[in-house]
Asks: 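Submitted below is the structure of interest, expressed as structure tokens.
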There are 2 protein chains.
Amino acid sequence: MRETEKHESLFSAIADIQRRKILNILKKGELSVADIKSHFDLSGATLSHHLNILKNAELVRVRRQGQQRIYTLNLSVVEELMLIFNQLFSRI
Amino acid sequence: MRETEKHESLFSAIADIQRRKILNILKKGELSVADIKSHFDLSGATLSHHLNILKNAELVRVRRQGQQRIYTLNLSVVEELMLIFNQLFSRI
DNA sequence: CATTTATTTAGATTATCATCTAATTATCTA
DNA sequence: TAGATAATTAGATGATAATCTAAATAAATG
């Protein structure tokens, strides 16, 4: 399997513990930024930064709902990441 | 599952593309540093640095053989990492 | 035992990244 | 429409991390 820029963005997205925590929280279901924020001791700007990285890696999706933005896990990319990951260590 | 320092070292170990490449190369079998080096355009010092990070994360093992050091994948930790990884996205 | 070979360690440099505060954008509501 | 609320963006700062060259360590060999 070739390493692509997409792989790069996925691996660096999950390299940060706060972002892994966000992914974990989103497993339970979609949440607004404020809801996500309630689990962290981070400024809104920092959280926004992390969400942006997850979004660029397509690990999450966003939609607008009034003033809020609702984040969800992007299951298809999560599955893709699991595949990439399994292949990194396959045939050993 | 709780995130531990061990998880942290594993995720940051695989965050770097050179280190993922090293792991990939080691899938085929154990290799000396010089053998690994032949796959890269990096100084020996830099390679040594990456190998050290992989070793600290216990993703690889080293043994001495004369002047050489032979690196191998540490299969049990690789499996542990796969488990951690699968759990990050389980129950979605 | 002096020299060569294999690898690591030390120390410096540069780039990347997480974080913050302040400012901005967008939406809602009285 | 003015003010409040939700979230992002801009810009700065400090911490990490990747990389290099040079020096050090350790083993092999003539």
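Note on naming: letters A, B, ... go to the chains in the order of the sequence lines (proteins, then strands), and numbering restarts at 1 for each one. Side chains are part of it too, since the values below use all heavy atoms of this structure and drop only hydrogens, waters and symmetry mates.
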Asks: Does dA6(C) have its OP1 or OP2 closer than 4.0 Å to a side-chain nitrogen or oxygen of Y71(B)?
Replies: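 For Y71(B), the contact criterion (side-chain N or O under 4.0 Å from OP1 or OP2 of dA6(C)) is not met.
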Asks: Indicate yes or no: at least one non-hydrogen side-chain atom of L10(B) is less than 4.5 angstrom from one of V77(B).
Replies: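 They are in contact (side-chain heavy atoms under 4.5 Å apart), so the answer is yes.
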Asks: For R63(B), enumerate each residue passing the side chain to side chain contact (heavy atoms under 4.5 Å, CB included) test, keeping only those at least two apart in sequence or located in another chain.
Replies: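 Expected list: E30(B), Q65(B), I70(B).
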Asks: Within the 4.0 Å limit for protein heavy atoms, which parts of nucleotides 11-16 of chain C are touched? Write it as a string from 5' to 3', B for base, S for sugar-phosphate only, - for none.
Replies: ------
Asks: Less than 3.5 Å apart, which donor and acceptor atoms pair up between the side chains of residues 53-61 of chain B and the rest of the protein, not counting sequence neighbours?
Replies:
residue: N56(B); atom: ND2; partner: N52(B); partner atom: O; Å: 3.4
residue: N56(B); atom: ND2; partner: N52(B); partner atom: OD1; Å: 3.3

Asks: With salt bridge (Lys or Arg N to Asp or Glu O under 4.0 Å) as the rule and sequence neighbours excluded, what pairs involving residues 40-54 of chain A come up?
Replies: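 Output for this query is empty, none listed.
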Asks: Could you state the CZ-P distance from F40(A) to dA7(D), rounded to the nearest angstrom?
Replies: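 One finds 14 Å between P of dA7(D) and CZ of F40(A), rounded.
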Asks: Assign each of V62(B) and S12(A) to its nearest nucleotide of DNA chain C by heavy atoms, then name whichever residue's nucleotide is nearer the 5' end.
Replies: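 Result: V62(B).
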Asks: I17(A) has an atom CD1; how far is it from atom C1' of dT16(D), in whole Å?
Replies: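 The distance from CD1 of I17(A) to C1' of dT16(D) comes to 16 Å, rounded to the nearest Å.
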Asks: So do Q18(A) and H49(A) actually touch side chain to side chain, heavy atoms under 4.5 Å?
Replies: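 Sidechains of Q18(A) and H49(A): no contact.
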Asks: Using a cut-off of 4.0 Å on non-hydrogen atoms, how would the nucleic acid contact of I53(B) be classed: base, sugar-phosphate, or nothing?
Replies: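 Answer is sugar-phosphate: I53(B) comes under 4.0 Å of backbone atoms only.
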Asks: Would you call I84(A) and F11(A) a side-chain contact if the rule is heavy atoms closer than 4.5 Å?
Replies: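 They are in side-chain contact.
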Asks: N56(B) has an atom CG; how far is it from atom C1' of dT16(D), in whole Å?
Replies: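 Going from N56(B) (CG) to dT16(D) (C1'), I get 16 Å.
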Asks: With sequence neighbours excluded, what pairs up with R19(B) under the salt bridge (Lys or Arg N to Asp or Glu O under 4.0 Å) test?
Replies: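 Applying salt bridge (Lys or Arg N to Asp or Glu O under 4.0 Å) to R19(B) gives none.
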Asks: Just jot down the salt bridge (Lys or Arg N to Asp or Glu O under 4.0 Å) partners of R69(A), sequence neighbours excluded, or say none.
Replies: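 In terms of salt bridge (Lys or Arg N to Asp or Glu O under 4.0 Å), with neighbours along the sequence ignored, R69(A) is linked to no residue.
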Asks: For each nucleotide in nucleotides 19-30 of chain C, reading 5' to 3', give B when a protein heavy atom comes within less than 4.0 Å of its base, S when such contact involves only the sugar-phosphate, and - otherwise.
Replies: BBB----SBS--
Asks: For I14(B) and dA18(D), give me the distance from atom CD1 to atom P, rounded to whole Å.
Replies: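 To the nearest whole Å, that distance equals 13 Å.
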Asks: Distance check needed: dT8(D) P versus L54(A) CG, whole Å only.
Replies: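 The distance from CG of L54(A) to P of dT8(D) comes to 12 Å, rounded to the nearest Å.
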Asks: For T4(B), check side chain to side chain contact (heavy atoms under 4.5 Å, CB included) against everything at least two apart and list the hits.
Replies: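 Result, side chain to side chain contact (heavy atoms under 4.5 Å, CB included) vs T4(B): K6(B), H7(B).
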Asks: Where along residues 31-38 of chain B does a heavy atom come under 4.0 Å from DNA chain D, residue by residue in number order?
Replies: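 Going residue by residue through residues 31-38 of chain B, none turns out to have a heavy atom under 4.0 Å of DNA chain D.
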Asks: Between dC17(C) atom P and F11(A) atom CZ, what is the distance in whole Å?
Replies: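 The answer, rounded to whole Å, is 16 Å.
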Asks: Between atom CG in L51(B) and atom C1' in dA18(D), what is the gap in whole Å?
Replies: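 Interatomic distance, CG of L51(B) to C1' of dA18(D): 14 Å.
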Asks: Please work out which of the three classes, parallel, tilted or perpendicular, describes the rings of F85(B) and F85(A), given edges at 30° and 60°.
Replies: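 Ring orientation, 0 to 90° scale: parallel.
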Asks: Can you pull out how bent the helix from dC1(C)-dG30(D) to dA30(C)-dT1(D) is, comparing the axes over its first five and last five pairs, to 10°?
Replies: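 Answer rounded to 10°: the end axes differ by 10°.
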Asks: Is the backbone N or O of G44(A) less than 3.5 Å from a side-chain atom of S48(A), with the two atoms forming a donor-acceptor pair by type?
Replies: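 No.
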Asks: What integer distance in Å separates R63(B):CZ from dT7(C):C1'?
Replies: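 From R63(B) CZ to dT7(C) C1': 16 Å.
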Asks: Compare all side-chain heavy atoms of Q87(A) with those of L83(A) and state whether any distance is below 4.5 angstrom.
Replies: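 They are in side-chain contact.
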Asks: List the residues meeting side chain to side chain contact (heavy atoms under 4.5 Å, CB included) with T46(B), not counting sequence neighbours, and say none if there are none.
Replies: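 Partners of T46(B) by the side chain to side chain contact (heavy atoms under 4.5 Å, CB included) criterion, ordered by chain and then number, come out as L42(B), S43(B), H50(B).
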Asks: Going by salt bridge (Lys or Arg N to Asp or Glu O under 4.0 Å), name the residues that satisfy it together with K21(B), two or more places apart in sequence or in a different chain.
Replies: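 K21(B): no salt bridge (Lys or Arg N to Asp or Glu O under 4.0 Å) contacts found.
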